[in-house]
Amino acid sequence: MHVVFNLAASLDAALQQAAVACGLPEASAFAPEVRTADPRHGDYQANGVLGFAKARKLNPRTVATQLVAVLSPAVCESFDFTVAGPGFINFTLRPAALRAWLDAHSSRDALARGGSAAAPVAGQTWVVDYSSPNTAKQMHVGHLRSAVIGEALARLLAFSGARVIRDNHIGDWGTQFGKIIWAYRRHLEEAAFARDPLEEFERLYKVGHAAAEADPAVLKEAQQELVKLQAGDPDNLAIWKKIGDSSLSAFQQIYDQLGIRFDHTLGESFYNDKVAQIYRELTDAGLATESQGALVVFHPEHPRFATQPFIIRKSDGAANYASTDLATVLYRVGHFHATGVLYVVDSRQRDHFDQLFLTVPKWFAHTGRTAPELKLVEFGTVTDAAGKPLKTKSGDNIKLKELLAEAEARAFALVGERSAELPEAERHAIAAVVGVGSVQYADLAQNRSSDYIFAWDKMISLDGNTAAYLLYAVARIHSIFRKLGLTPGGNATEAGASGLETPAELALARQLVKFPDALQAATTQLRPHFLCLYLYELAGTFSAFYNADKVAVDDAPVRARRLLLCARTLLILETGLDLLGLKTLQRM
RNA sequence: GCACCCGUAGCUCAAUUGGAUAGAGCGUCUGGCUACGAACCAGAAGGCUAGGGGUUCAAGUCCCUUCGGGUGCACCA
C-alpha cells in the first residue's frame, strides 16, 4: 500500500479529481477543504461540498454522494468514508493504512522529505529577522519572545525546505553612544569592567544620561562625542567597537542557552553607508517629500498614513530605523536574494512595519525591482499576573540571564525531589534542559498575538501543556528501550510486528499520522503553538496507551508492534521539540 | 481625537481562519501503582463565547453598535 506524507492533502486532491470524474458543473472551482476531524467523526472531514453545492443551488448530500461514488481505488483502499450531516464527507483511516504510514515515516529524514515535498516555501530563501537587541544593554525579558519565536520559525521553515537566513539586526548605532562614551572617558571603573563589561557599559549609560539631564553642558559634550564617533574618530570608534564586542559575547551566552546561532549579525551600523541611496531613490520616485525639515513618506490611499508620516530621515539629517530598515530590505534582496523576510517583533511596532510594507512595493516598482514578501510576525507583551509589563520589584527590566538562571534553579529543585538518585552533575544537566525548555515552551505554546502572562508555577509545572510533560514522555519512551536493551526504530526491534488492534494502539497511530497537519499549520501560519498543541496531545495519547497496553509483553508480534508505536512517538516528539528549539533528554 | 488589537469555564489558555454537541490544563470531587518511570492514567462537575442587533444552510470566528481592557499616532528603536 502506498501512502503519502500529508494524508489530508492527498484526500483533497482525490476529491478534486472525483469532482471532475463525476462531471460536477464548474468542477475546477470545487475546493474540498479537507481537515483533521473531531475523532467522533473520523480522522479527516471534507467541508467544501456544503458551500460549493449551496452556491449552485444543488443538494449538498447528493453532491457528496456522487463524489464518494467515484473516489479512486487508492482512497477506497486506505479509508472508510461516509456522507454525514448536511453534506460533510468523513474519512476514517483503516488500520493497514495507518501502519503503512508509520512504516514509510520511520526517520527524521523521511519526515523532512515529506514536509518539504509540497511546501510552498521549499526552495525559497527566507530571511528571519529576530532577537535584534540593542548593544550596550543586557538582554531582558522583553527580548525573550522574539528570540524564542524567531528561532522556532526559522527551524520550521528550514524543515519545509526553505533556505533560511538568520539575521540578528542589532541596534548598534543609536544616539545613546554619545552619552556612554562621555561617561566612559570620565567614570570608567576598571575592576567592574573586567568583571562584566556589559554591566559596566550599562552603568555608564545611566551615569551619562543622568549627567546630561542635569547639566546642558554635559549634554552638549555627549552630542559632540556622538558627532566625533559618526565622523570616524578613531578613539571613539575603538570604544564603540569595545561596546559592540562585549555586548555580542554576552548575547551569545544567552543564545547558547536557547540553542540559537545566527548566520549574520548585521546591525544598524552596517547600513550606515547605504541609506543615502534610499533617500535618493525614494525622492526620485516621488515617494519621499520634505516635511518640517524631515524626509517623509505619506500614503494617500491609507486612512491614517495619509497624514501620519513615515520619517525616513530626521530633520537633523541623521538616519533613523526607517532609513536602515529600508536599506536592509534592499540588501537582503540584493545580497541574499530573499524571497521574503519575517520580522519577529513586538506588536507595538505595528505602525512602523505597516508603513515599511506600504513603502517597499511602491519603491521597488518605481525602480524596476521585484519586491520581496514582507511578513510581520508580531507578538504581545510579557506581563505579570496583573497584566502589567513584567518588571523587577524595583521597576527595572528583568535580565534574561537572571530569568534563565532562575528557571534552571527551579528545575534543579524539582529534579532533586523526583530523581534524587541521579548523580548531581546529571541533575544539573537535566535542570538546564528542563528549565530553559520550560521558558521556551511556555512562550511558544500560546498564540503569539496575545499578551503573555509570565508565571513560574505554570511554566515549570509537571503537568498540563508544559515542556516538562513532553520531556517526561520522551524520557519514559527512552526508558522502555533502555530496559529492553533495544534501539528505537531498529529493524530487528520491529520485525514481525502484528497489525494494530487495541483502541489505545489505534488512537496513538491516528494521532501520529496527523503530524503533517500540525506542521503545516504551524509553518504556513507562522504560529508555533499549533505544533505545541499537537505534541502535547500526542504525549497525552501516548500516556493513555502506555497505561492501557503494556509494551514489554512476552508475545513477540504484539511487543514488536507496540515498540514500533513507541519508536514513532519518540521520533515525532523529538523532531517536533527540536523544531521548536527545545533539547530533549533520555532520563530526567 | 483618530486608528489598530483584545474580551471564551473560578484561573491560564485552545478552537485548523465560516463547519457538526465550544475543547484542554490548573483548582475542586471520585477512582487506579506486588506491569515497562504515578513528573502518569480513567472519570465527574464547571459555558447565554462581555451585552445587543444583523449577514446564511451554518457565527466564538464576518458586519454594525454599546460597554470594558490594551497599544500606537513627527523625528528612541
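In what follows, chains carry the letters A, B, and so on, assigned in the order in which the sequence lines appear, proteins first and then strands, with residues in each chain numbered from 1.
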Would you indicate what [X] reaches in the nucleic acid, counting non-hydrogen atoms under 4.0 angstrom: base, sugar-phosphate, or nothing?
| X | value |
| --- | --- |
| A:Arg527 | base |
| A:Asp325 | nothing |
| A:Gln446 | sugar-phosphate |
| A:Ala84 | base |
| A:Asp316 | nothing |
| A:Arg418 | base |
| A:Ala468 | nothing |
| A:Glu417 | nothing |
| A:Tyr469 | sugar-phosphate |
| A:Gly293 | nothing |
| A:Asp549 | base |
| A:Leu50 | base |
| A:Ser291 | base |
| A:Ser543 | sugar-phosphate |

Ring-face cation of [X] near [Y] (centre distance under 6.0 Å, axis angle within 45°):
| X | Y | value |
| --- | --- | --- |
| A:Lys483 | A:Phe481 | no |
| A:Arg35 | A:Tyr44 | no |
| A:Arg410 | A:Phe412 | no |

Does the base of [N] carry an N or O that pairs as donor and acceptor with the side chain of [X] under 3.5 Å?
| X | N | result |
| --- | --- | --- |
| A:Gln525 | B:rU17 | yes |
| A:Asp38 | B:rA15 | no |
| A:Ser347 | B:rU71 | no |
| A:Ser315 | B:rA74 | no |
| A:Tyr472 | B:rA39 | no |
| A:Gln349 | B:rA77 | no |

Does any nucleotide pair with [N] by Watson-Crick or G-U wobble geometry, both distances under 3.5 Å, and what is it?
| N | answer |
| --- | --- |
| B:rG7 | B:rC67 |
| B:rC2 | B:rG72 |
| B:rA15 | none |
| B:rA44 | B:rU28 |

Ring-base stacking, [X] with [N] (5.5 Å, 30° cut-offs):
| X | N | result |
| --- | --- | --- |
| A:Phe88 | B:rA20 | yes |
| A:His41 | B:rA20 | yes |
| A:Tyr546 | B:rC36 | yes |

Exercise. Would you call A:Arg350 and A:Asp354 a salt bridge, using N to O less than 4.0 angstrom?
Worked result: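 A:Asp354 and A:Arg350: salt-bridged.
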
Exercise. In terms of the angle between their ring planes, are A:Tyr534 and A:Phe515 parallel, tilted or perpendicular, with boundaries placed at 30° and 60°?
Worked result: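 Ring orientation, 0 to 90° scale: tilted.
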
Exercise. Going by heavy atoms in the side chains, are A:Trp182 and A:Leu204 under 4.5 Å from each other?
Worked result: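 They are not in contact (no side-chain heavy atoms under 4.5 Å apart), so the answer is no.
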
Exercise. Looking only at heavy atoms, what is the nearest atom pair of A:Gly87 and A:Leu50, with distance?
Worked result: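 Heavy atoms only, the tightest pair is N-CD2, 4.1 Å.
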
Exercise. If only side-chain N and O atoms of A:Arg35 are considered, is one of them under 4.0 Å from the OP1 or OP2 phosphate oxygen of B:rU17?
Worked result: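 For A:Arg35, the contact criterion (side-chain N or O under 4.0 Å from OP1 or OP2 of B:rU17) is met.
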
Exercise. Looking at A:Arg476, does any N or O in its side chain come under 4.0 Å of the phosphate oxygens OP1/OP2 on B:rA38?
Worked result: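 Affirmative; the distance criterion is met.
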
Exercise. Can you find a side-chain donor-acceptor pair between A:Arg313 and A:Asn320 that sits under 3.5 Å?
Worked result: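 There is no such pair between these side chains.
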
Problem set entry | Of the listed nucleotides B:rA74, B:rC73, B:rU12, the one nearest the side chain of A:Lys458 |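 So the side chain of A:Lys458 is nearest to B:rU12.
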
Exercise. Considering only side-chain heavy atoms of A:Ser450, which listed nucleotide, B:rA35, B:rA14, B:rG72, is closest?
Worked result: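 Of B:rA35, B:rA14, B:rG72, B:rA14 is nearest to the side chain of A:Ser450.
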
Exercise. Pick the nucleotide of RNA chain B nearest each of A:His352 and A:Gly48; which residue has the one closer to the 5' end?
Worked result: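 Nearer the 5' end of the strand: A:Gly48.
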
For this session: On RNA chain B, check which nucleotide each of A:Ile89 and A:Ala294 is closest to and give me the residue with the more 5' one.
Result: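 Nearest nucleotide further toward 5': that of A:Ile89.
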
Problem set entry | Donor-acceptor pair, side chain of A:Ser323 and main chain of A:Ile312, under 3.5 angstrom |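 A pair under 3.5 Å: yes.
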
For this session: Check RNA chain B against residues 301-314 of chain A and give the residues with a non-hydrogen atom under 4.0 Å, in numerical order.
Result: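 A:Arg304, A:Gln308, A:Pro309, A:Ile311, A:Lys314, in order of number.
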
